[in-house]
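Structure first, commentary second.
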There are 2 protein chains.
Amino acid sequence: MSFFSRKMDYALLVLSHLHGNPDGSSAREISAKFSISRPFLANIMKTLCHHGYLSSHRGVHGGYVLIRKPEDIALADIMQSLDEPFHLTDCSKDIEKQTCSARNFCPIRTGMSGVHDRIRTILKDVTLAEILDPTIRPSISRQFGLELVSHGTHK
Amino acid sequence: MSFFSRKMDYALLVLSHLHGNPDGSSAREISAKFSISRPFLANIMKTLCHHGYLSSHRGVHGGYVLIRKPEDIALADIMQSLDEPFHLTDCSKDIEKQTCSARNFCPIRTGMSGVHDRIRTILKDVTLAEILDPTIRPSISRQFGLELVSHGTHK
DNA sequence: TTGAAATGGTACTAATTTAGTTCTATTATT
DNA sequence: AATAATAGAACTAAATTAGTACCATTTCAA
Ligand code: FES
Ligand code: FES
């Protein structure tokens with residue numbers, strides 16, 4: 001399975017398309033452009049609207065408009081709105097409920113938590129703005145609260 | 001769904017346990033210790049053996065022994081052996097096959113590829129050794145081929 | 001005022017993947 | 001000979017994801 005669900009992927013296409021069309025667009029248009037099932041995409045757009053990414057307008061010339069700034073939309077946000085918050089393992093859910101049978105002697109608990117944080121940092125840091133224009137990358141220097149100096153091998 | 005499958009999670013427990021038991025251990029012991037279904041765990045251990053992580057010994061006092069160094073086992077390796085290689089979206093598989101209908105005008109293709117690389121870098125960089133002892137972290141400075149200087153907020 | 005095109009909301013079904021089981025064979029020890 | 005282990009393959013069940021369907025409501029325009 002993929003890391004991002006199709007809903008997630010389609011949502012990014014929707015948000016990208018709407019960013020390029022400030023006057024808005026309908027589910028019909030977007031599903032046609034990207035060859036995505038219309039009812040499925042419509043459901044996703046309902047959800048995005050519900051979570052405050054889009055405003056909607058009904059009727060013959062209705063549709064959706066992007067109302068949040070791309071730089072304020074992190075991948076982690078979309079993920080949480082559409083599917084569920086990111087977590088590394090089943091156990092990381094269990095740990096909060098303290099039901100994991102291994103929790104008191106788990107040899108990988110701390111280490112995994114570090115990996116979890118590193119991936120989550122990326123998801124919280126990368127925004128729609130960066131997806132649309134990867135040359136921006138405001139994120140990398142914030143990623144660990146560290147200063148970065150290029151070595152030159154990094155083109 | 002979780003980022004790591006249960007197979008992946010259990011495999012890490014197995015590898016960790018075997019690292020702490022250089023004389024080896026059986027599926028029965030490990031399944032009992034962590035309260036994991038024995039036949040399921042046995043399948044996972046067969047796979048790990050098959051992929052060269054473990055050596056096996058049949059018979060009454062048989063079992064498995066870890067034969068690869070923890071610092072040579074990256075998360076990405078285990079993932080590939082047990083499930084499939086990491087990929088961000090369904091589309092990233094399609095792109096290789098060039099079947100994605102949006103591939104020629106996709107607004108997120110380049111940006112997503114960047115995110116893909118950043119996550120994959122973590123998975124290739126974090127090893128079992130780091131999972132077992134998170135204070136090691138040889139990885140972070142290699143992560144982007146960059147020099148890192150702490151700001152002080154990073155404890 | 002009627003019809004078409006849009007969203008709103010909910011429930012349902014189908015497809016796929018993951019998780020787990022079962023069975024039989026083989027090997028090694030006691 | 002009995003027992004405890006791995007080897008390998010096939011199978012089943014549970015859960016998740018992907019996608020449909022239905023009906024209601026709103027808006028616009030002919
Ligand atoms: S597997 Fe649950 S705490 Fe580690
Ligand atoms: S969704 Fe396939 S190339 Fe972007």
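Lettering of chains follows the sequences in order, A, B, ..., and the numbering in each one begins at 1.
- Distance from the side chain of V60(A) is smallest for dA4(C) among the nucleotides dA7(D), dA4(C), dG8(C).
- Ring to ring, H116(A) and F86(A) are close: their centroids are under 6.0 angstrom apart.
- Atoms CG and CZ, on L123(B) and R118(A) in that order, are 9.5 Å from each other to the nearest 0.5 Å.
- If you check dG3(C), dT21(C), dA18(D) against the side chain of P39(B), the one that comes closest is dT21(C).
- Annotation: of the two residues near DNA chain C, G59(B) and E84(B), the 5′-most nearest-nucleotide partner is E84(B).
- For Y10(B), counting side-chain heavy atoms from C-beta on, the closest listed nucleotide (dG8(C), dG20(C), dA18(D)) is dG20(C).
- Closest approach of S25(A) and H17(A) over heavy atoms only: OG-NE2, 3.3 Å.
- Relative to the side chain of H50(B), the nucleotides dT6(D), dG8(D), dG8(C) differ in distance, and dG8(D) lies closest.
- Out of dG20(C), dT16(D), dC28(D), the shortest distance to the side chain of H61(A) is found at dC28(D).
- In this structure, of dT7(C), dA5(D), dG19(D), it is dG19(D) that holds the atom nearest to the side chain of S37(A).
- Among the atoms of the strands shown, only primed sugar atoms or phosphate atoms (P, OP1, OP2) are found under 4.0 Å from some heavy atom of A27(B).
- Between R58(A) and dG8(C) there is no side-chain polar atom (N or O) within less than 4.0 angstrom of OP1 or OP2.
- Using a 4.0 Å cut-off between a side-chain N of Lys or Arg and a carboxylate O of Asp or Glu, D77(A) and R68(A) qualify as a salt bridge.
- Counting distance only, with no hydrogens placed and no angle test, the side-chain atoms of N43(B) and the base atoms of dT21(C) include a donor-acceptor pair under 3.5 Å.
- Checked against dA5(D), dG19(D), dT16(D), the side chain of F40(A) finds its nearest nucleotide in dG19(D).
- Side-chain proximity of M1(B) to dA5(D), dT16(D), dA6(C): nearest is dT16(D).
- For dG8(C), the OP1/OP2 oxygens have a side-chain nitrogen or oxygen of S56(A) closer than 4.0 Å.
- Under 4.0 angstrom from either OP1 or OP2 of dG19(D) there lies at least one side-chain N or O belonging to R6(A).
- Distances were taken from every side-chain heavy atom of H57(B) (C-beta onward) to each of dG8(D), dT6(D), dA28(C); the shortest belongs to dA28(C).
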